[in-house]
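Following: one structure in structure tokens, then a few remarks.
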Amino acid sequence: MAEKQPFGQADQAPVRPGWATFFGSTPCLNLGQCSPPQIAFLGVPLDATTNDRPGSRAGPGAIREASMRWQPEEGGWLDVETGQTLLQGVSLADAGDVDIRVVDLAENFQRITRAVQTILQAGAFPVLVGGDHAITFPAVRAFAPRPLWVVHFDAHLDFTDNYRGVRYSHDNPLRRVRELPFVRGIVSLGVRGMLTYTPPYWEARELGVVMVPAAQFHRRGVEAALKGLPPLGDFYVSVDIDVLDPAVAPGTGYPEPGGLSYPQLKEALQRVATLGRPVGMDLTEVSPGFDPSGRTARTAAYLLLDFLGAAWATHPSLQKQQGALRQRG
Ligand code: MN
Ligand code: MN
């Protein structure tokens with residue numbers, strides 16, 4: 001039997017932080033004053049524009065909490081399926097939550113854009129965790145004037161122009177993003193469902209949105225489904241958690257049957273990472289109140305690691321990107 005350790009051993013401190021950060025990363029609310037990280041996580045607890053079932057404002061907290069299960073102890077994460085160690089030596093920081101105000105959407109969008117600009121100016125790769133999907137527009141506009149594509153995983157097109165006077169809800173973000181002059185194109189992956197209001201579908205087709213329906217992933221497999229995608233150059237990836245099947249991710253406000261499995265989405269994220277150079281990402285629409293099991297938030301934490309791990313493995317230039325993402329001009 002091992003000898004009893006005396007109290008107060010230096011390597012066995014009796015307390016540890018009781019607060020959560022994304023994957024246990026260093027908290028840093030003012031990136032200008034910290035050792036600049038390569039990846040900065042930013043919570044965006046806004047769900048003011050959800051048209052059906054709210055609750056995704058609790059997404060950042062739930063995903064942060066879930067991600068604490070996977071604090072790296074040896075540097076990086078070993079993906080047991082591939083034997084590959086992900087994100088070894090890559091510095092991460094938790095940049096806190098955007099301070100969302102109650103009803104002023106324009107002000108909240110400004111705050112989101114400014115928070116992303118701060119991350120870019122620090123030379124870090126921004127990872128936004130929502131929140132509802134409206135946050136993608138103020139996030140992407142922070143990249144101006146860098147030309148980029150947007151790769152969008154979602155059951156829905158989110159391409160509504162103006163429905164009964166509403167232009168900035170979680171139905172509109174990809175349409176608003178398409179209007180940004182530096183956005184070169186949009187790829188929407190995993191779309192499905194029945195529409196009762198169809199103009200957004202036809203307009204997305206007219207405006208050149210590249211669509212791959214969920215059924216293509218199921219029938220042909222991920223590799224074949226993604227075969228026709230154009231080379232992307234710089235791109236931003238936006239994941240609406242409802243691209244997953246509701247059986248996998250029930251914790252979301254607008255579930256649609258027939259979604260992707262976790263392995264399908266993981267493989268798709270890994271392949272997309274090779275089609276161009278990622279410059280930022282978001283993950284939205286996790287609404288933990290609909291999922292007492294907590295599996296949606298846990299899966300969301302995995303998806304962040306899956307994409308970031310593939311991005312850093314594919315693009316050695318991201319390893320030394322410090323300052324490379326700084327805005328031009
Ligand atoms: Mn969406
Ligand atoms: Mn959706």
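First listed ligand is number 1; within each ligand, the first listed atom is number 1.
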Within the structure provided, determine whether Asn172 and Thr49 are in side-chain contact (heavy-atom separation under 4.5 Å). no
Would you say the rings of Phe159 and Tyr201 are close, in the sense that their centroids are separated by under 6.0 Å? no
Set of salt bridge (charged side-chain N to carboxylate O under 4.0 Å, His left out) partners for Arg176, sequence neighbours left out: Asp161, Glu179
Any side-chain heavy atom of Ser238 sitting closer than 4.5 Å to one from His133? yes
The Mn ion (ligand 1): protein N, O or S atoms that are less than 2.8 Å away, sorted by chain: His133 ND1, Asp154 OD2, Asp158 OD2, Asp240 OD2
Are side-chain N/O atoms of Tyr254 and Asp171 paired as donor and acceptor at under 3.5 Å? no
Given the rule in the side-chain hydrogen bond (donor to acceptor under 3.5 Å, both in side chains) test, do Asp154 and His152 qualify, once you have shown the distances and angles that lead to the verdict? CA-CA 6 Å; Asp154 200 326; His152 166 223; 2.9 Å; yes
